[in-house]
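All values derive from a computational prediction rather than experimental measurement. One-based numbering along the sequence shown.
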Amino acid sequence: MIDLNGKRALVTGGSRGIGAAITLALAENGADVAFTYQHSAEKADAVAKSIESTGRRAVAIRADSADPEAITRSVIDAVSALGGLDILVNSAAIGHAGTIADIEVNDYQTLMDVNVRAPVLFAKAVIPHLAQGGRIVTIGSALGERVPFPGITAYAMSKAALTSFTRGLSRELGPNGITVNLVQPGATDTDANPANGVAAEFQRGLTSLGRYGEPHEIANAVVFLASPAASVITGAILTADGGAIA
C-alpha cells in the first residue's frame, strides 16, 4: 500500500524539477517533508505552500550540497523540525556538459562533490535517525548506464557511482530493516532539460515511448520505494527512462 502517514522525509534539492515533484508526492501520500534548496527562496516558499496545502508539515532549508557542513546542519534542522526522519531522498544534482579534454578541474570537482559526495554525506548524517522501515532513495540517471553521445562523460561517471553506493549501502543497512534504492530517470521535462529544448527531438528518439518523462512520473517511483509496498525491495536500480536503455 502507498501510505506514508506519520512518516517524515528529507528531500535534497527539493525546490524545483524532479525534486519539487517528489516533495509534493510524498506529502500527498501523507508524509511531512523537509527539503533543501540553494538559490531561490521564492521557489522554495512556493513548494512549501504546496506541501502545506495537502495538510502536511513543510520545512524549507537553505543548504549548498557541495558544503559538508551545510549537509550536516540541514539534517539536524530537519530532525529538529519534524521530530525525526524516516525517509531520505537524495535528489540534488548538477549537470556539466563538455569533454574530458576540456573540463576544468574545479568544475569536475564540484560535479563530483554534489552528485556523489553529497548523497554519501546526507546518508551518513541521516542513518543514525533511521529506524526499522527507514528508506533511502537516490535519484541517478539512465546516463549512468549508457552514454549515447559525447560531452557528458563526467556527468555520466557521477551517476554511475550511485549504483555501487546504493548496492553497497543496502548491504550495510539491510540488517537494520532499512532499504536503499536508486531511481534512474531518462530525459524528463524540467527547466534543466525542457521537452522543447534544442536537443529534445534527439532525446525523444532514443526512447521506446517516443516522449519525455514528466517529473510526477519519477516522483511516483520514489513514493513507491519509500512506502511499505516496497518493503522487500533494496539494492535495486529502477530505471524510468521511457525505454532509452532498453
Side-chain angles (χ1 to χ4, degrees), residues 10-22 35-40 43 61-75 88-126 136-169 180-194 197-200 202-203 206 213 215 218 222 237 239-241 244-245:
L10 171 62
V11 180
T12 73
S15 66
R16 61 191 181 93
I18 291 172
I22 291 169
F35 64 93
T36 67
Y37 70 98
Q38 185 175 357
H39 297 300
S40 177
K43 287 183 179 180
I61 303 168
R62 186 187 289 271
D64 180 357
S65 290
D67 180 352
E69 291 185 4
I71 290 172
T72 301
R73 176 183 52 77
S74 66
V75 172
L88 168 66
V89 181
N90 284 309
S91 180
I94 59 174
H96 191 282
T99 66
I100 294 298
D102 294 333
I103 193 170
E104 297 291 336
V105 172
N106 288 342
D107 291 335
Y108 170 82
Q109 189 60 60
T110 301
L111 183 74
M112 294 299 168
D113 287 348
V114 175
N115 292 5
V116 182
R117 187 177 69 179
V120 173
L121 295 184
F122 269 108
K124 180 178 177 63
V126 166
I136 297 176
V137 183
T138 300
I139 304 301
S141 170
L143 294 174
E145 289 194 30
R146 181 187 178 200
V147 187
F149 48 89
I152 54 169
T153 305
Y155 176 78
M157 287 169 57
S158 74
K159 291 301 187 178
L162 298 176
T163 299
S164 295
F165 167 65
T166 297
R167 289 173 173 160
L169 191 59
V180 186
N181 293 292
L182 179 68
V183 176
Q184 296 189 141
T188 305
D189 189 15
T190 63
D191 290 345
N193 185 19
V198 293
F202 171 76
Q203 292 181 65
L206 295 174
I218 309 305
V222 173
I237 315 302
T239 302
D241 69 344
I245 63 172

(message) Return the OG1 to NE2 distance between Thr110 and His96, rounded to the nearest 0.5 Å.
(response) 9.0 Å

(request) Please round to the nearest 0.5 Å and tell me the distance separating atom CD1 of Ile71 and atom CG of Asp113. (result) 9.0 Å

(message) Measuring only between side-chain heavy atoms, which start at C-beta, is Arg117 closer than 4.5 Å to Pro68?
(response) yes

(request) Mind checking the OG1-CG spacing from Thr138 to Asn181? Nearest 0.5 Å is all I need. (result) 9.0 Å

(message) Working to the nearest 0.5 angstrom, can you tell me the gap between Leu88 CG and Thr12 OG1?
(response) 7.0 Å

(message) Could you work out, with side chain to side chain contact (heavy atoms under 4.5 Å, CB included) as the rule, every residue matching Val116, not counting sequence neighbours?
(response) Met112, Ser158, Ala161

(request) Provide the closest heavy-atom pair for Ala93 versus Val114 in the form atom of the first, atom of the second, distance. (result) CA-CG1, 3.9 Å

(message) Quick test of your reading of the model: are Arg146 and Asp241 salt-bridged, counting only N-O distances below 4.0 Å?
(response) no

(request) Answer yes or no: is there a donor N or O on one side and an acceptor on the other, between the side chain of Arg62 and the main chain of Gln38, under 3.5 Å? (result) yes

(request) Of all the heavy-atom pairs spanning Tyr108 and Ala154, show the shortest one and how long it is. (result) CD1-CB, 4.3 Å

(message) Does any part of the side chain of Arg167, heavy atoms only, come nearer than 4.5 Å to the side chain of Leu182, both counted from C-beta?
(response) no

(message) Using every non-hydrogen atom in the two residues, find where Ala123 and Phe165 come nearest and quote the distance to one decimal.
(response) CB-CZ, 3.9 Å

(message) When you compare the side chain of Arg73 with that of Asp67, does any pair of heavy atoms fall below 4.5 Å?
(response) no

(message) Any non-hydrogen side-chain atom of Asn193 less than 4.5 Å from a side-chain atom of Thr188?
(response) no

(request) State, with a plain yes or no, whether a side-chain heavy atom of Ser74 is found less than 4.5 Å away from one of Phe122. (result) yes

(message) So does Ile94 get a backbone contact from the side chain of Asn115, meaning a donor-acceptor N/O pair under 3.5 Å?
(response) yes

(message) As an exercise, state the distance from CD1 of Ile103 to OG1 of Thr153, rounded to the nearest 0.5 Å.
(response) 9.0 Å

(request) Locate the shortest heavy-atom distance separating Asp64 from Ala70; write the atom from each residue and the value. (result) O-CB, 3.7 Å

(request) Taking all heavy atoms of Ile139 and all of Leu162, pick out the closest pair and write down the distance. (result) O-CD1, 3.8 Å

(request) Search all heavy atoms of Pro215 against all heavy atoms of Thr190 and return the closest pair with its distance. (result) CG-CG2, 4.0 Å

(message) Are Glu145 and Ile237 packed together at the side-chain level, in the sense that at least one heavy-atom pair is separated by less than 4.5 angstrom?
(response) yes

(message) With a 3.5 Å distance limit and no angle check, can you tell me whether Thr99 reaches the backbone of Gly151 through a side-chain donor-acceptor pair?
(response) no

(request) Could you grab the distance from atom CD1 of Ile100 to atom CE of Met157, nearest 0.5 Å is fine? (result) 6.0 Å

(request) Answer yes or no: is there a donor N or O on one side and an acceptor on the other, between the side chain of Thr36 and the main chain of Gly13, under 3.5 Å? (result) yes

(request) Evaluate the side-chain proximity of Thr72 to Leu121: yes if any heavy-atom separation is below 4.5 Å, no if none is. (result) no

